[in-house]
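Positions are given from 1, in the same order as the sequence printed here.
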Amino acid sequence: MITLSMPLHVTDVSSEKDTVQLRNLLDEASNNLKQSDIFDREETLTLIDQVENVREYEDQLVDSDGGLILYITTDNAYYYHVDVPPVNEVTFDHCPNIVPLIKNYQYVRNYHVLLLNQEGIRLLEKSGGQLFEIDLKENDEDTSATQDAALGADSTGTKRDFGSNDTSEAGSGEFNSEHNDSIFEKQYDLKHYFNTVDRYVERNYSDKTGFPLILFGVKENQTAFREVSENNFLLEENIEESASQLHDDQIQERIKEKEEEIIQKQEDELIDRFVETTPEYRIDDIPQDLALSAMQGQIEELIVEEGYTPTGSIDENGAYQDNDRTDYLYQLVNFVFNTDGNVYILPEEQMPENVKISARLRY
């Protein structure tokens, strides 16, 4: 398995540089494979062939902002366009190096934003480092069933639409899809309407992706929506403002500010949890204890200093082996993830003093 990572940019000039950098990293991967004894001859030759196959997709791979993480196996290649730029790096081993991915998924960076008012909704998604509007009409799989469920005897004579009919300049900017036409036209009271919106978004988007949901709207509408919502992915954090009065670039700015606020809160809460954890439920910089606890599924949260690459490995019994290999961290992280734990990569200033790696235990 080859793991390749690099930052990406959006300008034409930078994109050309990114293409050159990708080629250099692919060259590095091929050259290092020829000199490595990690894989047998057949695996090495197959991986080199796969590297050459990837070159056909250079333009697609660098066509994004943020960063690229590429995994090349003997059978295929998989890539991620990520929000947090990774470092330029090529590694290879029998298991994938998932550390570059962790920073992009350790906090809320993928989510949905529901732009809510009494006449219609817009649903935005942030994933892969990109914010875009979901075309509800195109993506909806059960429009008729949802419409039938929404219609009821307690109608008030007010027409409400899923999607936006806004043709003013505000709210019609640079999202990656056109404004949604009306999906449903029906009559019912406000709570019934919000309840239907809630069930629709939960069923078709929240449950399918597991993404958190952020409300964007005036306080009155948010309060009414929360009273009827059963969406387990709905966050307490919200954007209390009327999106219908904003251009799309302003909406994007508000969402980015809220994302940064949420991430800062999560960072602070994480650090507080480690500070407050008593010594018997925390392990600092003890490779053997960390390895055994991870293998036994005892680690709830693991924090690692960014750039820390310890030597050693973990054997099949969960014992730490002091050697020149660099498998230890990758193995440890995989054990934690495979037992439903969480892993965080933190800058040195956020780590406990003089600690490179630390774990909070479940019990």
Side-chain angles (χ1 to χ4, degrees), residues 1-36 38 44 46-93 96-107 109-111 124-133 173-177 248-249 252-253 255-257 259-260 263 304-309 326 329-330 345-349:
M1 171 80 74
I2 301 170
T3 303
L4 182 153
S5 65
M6 60 177 286
L8 294 176
H9 312 83
V10 291
T11 65
D12 291 339
V13 174
S14 296
S15 294
E16 292 178 5
K17 292 181 179 179
D18 288 343
T19 301
V20 172
Q21 179 62 30
L22 175 59
R23 290 171 183 168
N24 291 338
L25 291 174
L26 291 172
D27 289 342
E28 179 183 336
S30 292
N31 294 333
N32 289 346
L33 279 170
K34 294 173 183 177
Q35 303 173 24
S36 171
I38 292 180
T44 297
T46 302
L47 283 170
I48 291 174
D49 287 341
Q50 288 289 74
V51 170
E52 295 308 308
N53 292 337
V54 166
R55 296 183 190 274
E56 299 180 21
Y57 305 96
E58 288 175 350
D59 291 342
Q60 178 181 347
L61 291 172
V62 301
D63 186 22
S64 185
D65 192 11
L68 168 69
I69 300 175
L70 175 65
Y71 296 101
I72 304 175
T73 73
T74 54
D75 299 318
N76 214 328
Y78 308 87
Y79 71 94
Y80 295 83
H81 284 148
V82 295
D83 195 19
V84 180
V87 298
N88 288 303
E89 185 177 43
V90 175
T91 61
F92 41 90
D93 209 325
N97 176 7
I98 61 176
V99 172
L101 274 179
I102 293 173
K103 288 189 67 176
N104 284 274
Y105 296 97
Q106 61 189 17
Y107 302 122
R109 295 190 185 277
N110 294 336
Y111 49 82
L124 311 182
E125 179 174 309
K126 170 72 181 301
S127 61
Q130 301 294 320
L131 179 68
F132 56 91
E133 182 167 0
E174 299 298 328
F175 285 120
N176 296 342
S177 69
D248 279 358
D249 57 349
Q252 290 179 339
E253 181 180 345
I255 292 173
K256 181 62 177 176
E257 290 171 353
E259 176 186 317
E260 293 173 353
I263 289 174
V304 183
E305 182 181 305
E306 187 171 9
Y308 176 55
T309 308
T326 56
L329 181 58
Y330 307 143
I345 307 297
L346 302 181
E348 181 181 1
E349 61 269 18

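Within the model, atoms CG of L47 and CE of M1 stand 9.0 Å from one another, a figure rounded to the nearest 0.5 Å. Rounding to the nearest 0.5 Å places CG of L33 at 6.0 Å from OG1 of T44. With rounding to the nearest 0.5 angstrom, the CG atom of L26 is 8.0 Å from the CG atom of L61. L68 CG to L4 CG: the interatomic distance, rounded to the nearest 0.5 Å, is 6.5 Å. Rounded to the nearest 0.5 angstrom, L131 CG and E259 CD are separated by 9.0 Å. Atom CD1 of I72 is separated from atom CG of D49 by 11.5 Å, given to the nearest 0.5 angstrom.
In this structure the side chain of I48 reaches within 4.5 angstrom of the side chain of K34, judged on heavy atoms. At a threshold of 4.5 Å between non-hydrogen side-chain atoms, the residues Q130 and S64 count as touching. Between N110 and Y105 the shortest side-chain heavy-atom distance falls below 4.5 Å. E305 has its side chain out of reach of L346: every pair of non-hydrogen atoms, C-beta onward, lies at least 4.5 Å apart. The shortest distance between side-chain heavy atoms of L101 and V82 falls below 4.5 Å. Contact check for I2 versus V51: side-chain heavy atoms found under the 4.5 Å cut-off. In this structure, the side chains of Y78 and T73 come closer than 4.5 Å at one or more pairs of heavy atoms. S30 has its side chain within reach of E52: a pair of non-hydrogen atoms, C-beta onward, lies under 4.5 Å apart.
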Next item on the list: Determine, step by step, whether D27 and R55 satisfy the salt bridge (charged side-chain N to carboxylate O under 4.0 Å, His left out) criterion, reporting the C-alpha distance in whole Å, the side-chain angles of both residues, the deciding distance to 0.1 Å, and the verdict.
Entry: CA-CA 10 Å; D27 289 342; R55 296 183 190 274; 2.6 Å; yes

Item checked: Verdict with supporting geometry, I98 and Y330, side chain to side chain contact (heavy atoms under 4.5 Å, CB included) -> CA-CA 7 Å; I98 61 176; Y330 307 143; over 6 Å; no

Next item on the list: Start with the C-alpha gap between T309 and L329, add the side-chain angles, then the distance that decides, and say whether side chain to side chain contact (heavy atoms under 4.5 Å, CB included) holds.
Entry: CA-CA 7 Å; T309 308; L329 181 58; 5.8 Å; no

Note to self: Y111 vs S127, test: side chain to side chain contact (heavy atoms under 4.5 Å, CB included). Steps then yes/no.
What the structure shows: CA-CA 7 Å; Y111 49 82; S127 61; over 6 Å; no

Check: What's the verdict on side chain to side chain contact (heavy atoms under 4.5 Å, CB included) for L70 and Y80, showing C-alpha distance, side-chain angles and the deciding distance?
Finding: CA-CA 6 Å; L70 175 65; Y80 295 83; over 6 Å; no

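At a cut-off of 3.5 Å, with distance as the only test, a side-chain donor of N53 or Q50 sits close to an acceptor on the other residue. Side chain to side chain, H9 and D65 fail the donor-acceptor criterion of an N or O pair below 3.5 Å. Inspection of the Q60 and Y79 side chains reveals an N or O donor paired with an N or O acceptor under 3.5 Å.
N104 places a side-chain N or O within donor-acceptor distance of the main-chain N or O of V84, the cut-off being under 3.5 Å. Looking only at distances, no side-chain donor or acceptor of T74 sits under 3.5 Å from a matching main-chain atom of T46.
By the neighbour-count criterion of 12 heavy atoms within 6.0 Å, atom OH of Y57 is sparsely surrounded, having that number or fewer from other residues, nucleotides or ligands. Annotation for E257: atom CD counts as buried by contact number, over 12 foreign heavy atoms lying within 6.0 Å.
Contact between I263 and R109 at its shortest, heavy atoms only, is CD1-NH1, 3.3 Å. Across all their heavy atoms, P85 and P7 have their closest contact at CB-CB, 3.9 Å. Listed here is the closest heavy atom pair of M6 and D18: CE-O, 3.4 Å. Smallest separation of non-hydrogen atoms from S5 and V87: OG-O, 2.7 Å.
In summary, D83 and K103 do not engage in a salt bridge, as defined by a charged side-chain N under 4.0 Å from a carboxylate O.
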